[in-house]
Amino acid sequence: MLNARRPNPLPARPSRRGLLAGAGALVVAFRLDPKSARAASGPNLADVKAQPNAFVRIGADDTVTVVIKHLDMGQGNTTGLATILADELGADWSKVRTEFAPADATLYNNSLMGPIQGTGGSTAVANSWFQLRKAGAAAREMLMAEAAFRWKAPVSEITVADNIVRHAPSGRQARFGELAASAASLPVPSEPRLKDPSEWRLIGQTIPRLDSVAKTNGTAIYSLDIRRPNQVTAVVARAPRFGATVKSFDAAAARKVAGVLDVVQVPTGVAVIARDTWSAMKGREALTVAWDDSTAETRSSDAILAEYRERAKGPGLTASERGDPQAALRGAAKVVEAEFTFPYLAHAAMEPLNATIERAADGGYDVYAGFQFQTVEQATMAAILGVTSDRVRLHSNWAGGSFGRRATPTADYLAEAATVLKASGEKAPVHLVWTREDDMAGGYYRPTVLHKVRAGIDAKGAVVGWDHVMVGKSIMIGSPFEAMIVKNGIDSTTVEGASDTPYALPAYRFGVHNGREGVPVLWWRSVGHTHTAHVMEVMIDELAHAANVDPVAYRLSLLTQAPRLSGVLKLAAEKAGWSAKPQDPGRGLGVAVHESFGSYVAMVADVTAQENAVRVNRIVAAVDVGVPVNPDVIRAQVEGAVGFALSAVLRNRITLKDGQVQEHNFDAYAPTRMSEMPTVEVHIVPSQVAPTGIGEPGVPVLGPSIANAVFAATGRRLRSLPLDLSGVKGA
């Protein structure tokens, strides 16, 4: 029995510096005046720093608010991250809410991206797993300690479940909200006990997504929904060629358009500021701008690709090498040579880029957008506006897709918003809006890439040598992240998925040439894996057929040191009823397997080849992402990856003609239609390994599984993307 004096059953509170430093920051806070906030604009940073924890708040009404440090672009990480903390806390899921965190890398650093706050690389769950478990566990232990003090009971007899703290021997219980205020004054345990997986009640279960209702009834707030007092709208006339600049412009006609308030020049072009979006767009149409193309990219896509072919004749920088592939190829019984090309691809998120920025009464700035690289975005805008980073407050909203586009190392569209506000005299909040055409033709594409491969097998079909060269523009060279990611001239995001192939290739070389064109490029959902996985998986398939070995068995023979890849491959093949032989005339199965971002995915595609067309009937996927935090979200992300990537496999490309983008809307760059969607089955490997991500890993294997299925159905090997379906008639 405890005496009347308040005990200190927890370790002494660590110093604030130790508590908040780096990626392991553990913060727990309770507040008496909760707001049932959904993930929209987050808490004020000053309020957060005044509390002992940045990740959870418990209110008097029992609401548990989990603060989310990552951007949710539709991938469901708000639900996944909240699940982790809520399970350790012992929360009632119906009481859990989320809100987006303010910008502060000291509190919300992404531990897998370096000392910055940001979302990408399928890292949200992976880098937060232990951090949020500790935050939830610490909050649980503080509530238990408060209850033990009140009831004069040993902490060991206190249990927590469904927002209730109980002492079974005495029959006493209390709601979270009754204990939160007092518990907040207790020391924060630095090493709280994490639950054994047998104790989990939410992790691993299919539970409702927290954002579903708000996104269904229209109450979820996106950047395009923001309306600040006296807000104006800006659209920018940008050069039709990348690298061109404004030579001169005539705004007389634009200023006569009803609703237009001002026309100003900014570094990216000429901005038209109006009372509303329509007036701004009509004003831009009335503008006359002369462009200086002296530093612009003026080549067409074919010319860029022709240069790539010439450069691919040389070995390039060595990204990976073992053995002597040239000597091995000279002694091979059979050699397969292939070229693969990949076009520029737009991200084409449903919500075009936009942001609202205003000068506040205190001289700082408030910005409303879907922030994906908060640290970079905050610093970039601060430099433009002439203030310190802390004077630029970021209010995160839901983002209607991104696929990498909102995560530019230059913070391009947010920088543009800041320049427009500055050029306008900061008289009113400015909502910068990119139209669909702006978004599609605005650059920052998945790079165009060319691969050339020579691979040889011996008389028994075993791989003896593999010589591989690729040409593609680096995303990181010339960016603020170059020093971190580019080593010896090689951008790891360019070569990932091939330079580190898990296949046991005895003599292997992967060389890379960095493209030099003036087209802005950026990571596109799964980054380098978008093309390297396709090349590796189609080539392995070709070698399997050249060796007259079943493609699944052939892969397994080369993956003896990759048990998790082998596991998903076997599972997908089993669930698909694998057979390398055509199912019916013109119908076949194709397989692909790949690791990206620490996750393992295999797919079997069932396709029917028709006259100049391919119908994807069914996709069977097996995934190993470690602990499946929410199986339904995992399935949804794989299904979404299929829908997202299918149009890129079948038709999508961004092309240049004399330097000008030819595709400006969904009429020329059509997304996947519901009528095109195959049946998608997702099988999840049970695991207790720390979880990895699933936002991107479903994309890389779709293309090669379909291409390999087309071969099985028709005998025609289609290597490049999008697939050239001309002449496809079935087997």
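When only modelled atom types and interatomic distance are considered, T78 and D211 share no side-chain donor-acceptor pair under 3.5 Å. With 3.5 Å as the limit, one finds no donor-acceptor pair spanning the side chains of H347 and D439. Side-chain contact of N77 with K69: a donor-acceptor pair under 3.5 Å is absent, judged by distance alone. No hydrogens or angles considered: nothing links the side chains of D412 and T410 as a donor-acceptor pair under 3.5 Å. Between the side chains of Y344 and E517, at least one donor N or O lies within less than 3.5 Å of an accepting N or O. Remark: the Q117 side chain and the T375 side chain contain no N/O donor-acceptor pair separated by less than 3.5 Å. No hydrogens or angles considered: nothing links the side chains of H529 and S596 as a donor-acceptor pair under 3.5 Å. Donor-acceptor pairing under 3.5 Å is lacking for the side chains of Q378 and S389.
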Mind running side chain to side chain contact (heavy atoms under 4.5 Å, CB included) on T206 and R635 for me, showing each step along the way? CA-CA 10 Å; T206 295; R635 292 189 187 96; 4.2 Å; yes
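In this structure a side-chain-to-backbone donor-acceptor pair under 3.5 Å is missing from W129 to L81. With hydrogens and angles ignored, the 3.5 Å screen pairs a side-chain donor or acceptor of N630 with a backbone N or O of V633. The main-chain N or O of M476 is found under 3.5 Å from a side-chain atom of D491 such that the two form a donor-acceptor pair. Counting only distance, with no hydrogens or angles, the side chain of R525 and the backbone of T530 share no donor-acceptor pair below 3.5 Å. Distance alone, capped at 3.5 Å, is enough to place a donor-acceptor pair between the N514 side chain and the G489 backbone. Put simply, the side chain of D500 gets close to the backbone of G497: a donor and an acceptor are under 3.5 Å apart. The closest donor-acceptor contact from the side chain of D366 to the backbone of E358 lies at 3.5 Å or more, if one exists at all. Proximity of a side-chain donor or acceptor of R133 to a complementary backbone N or O of K195 within less than 3.5 Å is detected. Remark: the backbone N or O of S128 is not paired with any side-chain donor or acceptor of Q131 at under 3.5 angstrom. E377 places a side-chain N or O within donor-acceptor distance of the main-chain N or O of F373, the cut-off being under 3.5 Å.
Here the straight-line distance linking atom CD1 of I684 with atom CD1 of I634 works out to 4.5 Å at 0.5 Å rounding. In this structure, T692 OG1 and I694 CD1 are separated by 7.5 Å, a value rounded to the nearest 0.5 Å. To the nearest 0.5 Å, the span separating CD on E351 from OG on S223 amounts to 5.0 Å. Note: L385 CG to E426 CD = 6.0 Å, rounded to the nearest 0.5 Å. With rounding to the nearest 0.5 angstrom, the CD atom of E482 is 10.0 Å from the NZ atom of K487. To the nearest 0.5 Å, atom CD1 of residue I654 and atom OH of residue Y445 are 5.0 Å apart.
With Y365 as the aromatic partner, R391 does not meet the cation-pi criteria of under 6.0 angstrom to the ring centre and within 45 degrees of the ring axis. The cationic atom of R238 (NZ for Lys, CZ for Arg) lies less than 6.0 Å from the six-membered ring centre of W434 and within 45° of the ring axis.
At a threshold of 4.0 Å, the pair E191-K134 counts as salt-bridged, since one of the basic side-chain nitrogens sits closer than that to a carboxylate oxygen. Of the charged side-chain nitrogens involved, at least one lies within less than 4.0 Å of a carboxylate oxygen, so that R57 and E99 count as a salt-bridged pair.
Within the 6.0 Å centre-distance limit, the rings of W524 and F644 are counted as a close aromatic pair. The aromatic ring centroids of F371 and F100 lie 6.0 Å or more from each other.
Enclosure of atom CG in N488 is not indicated, since only 12 or fewer non-hydrogen atoms of other residues, nucleotides or ligands lie within 6.0 angstrom.
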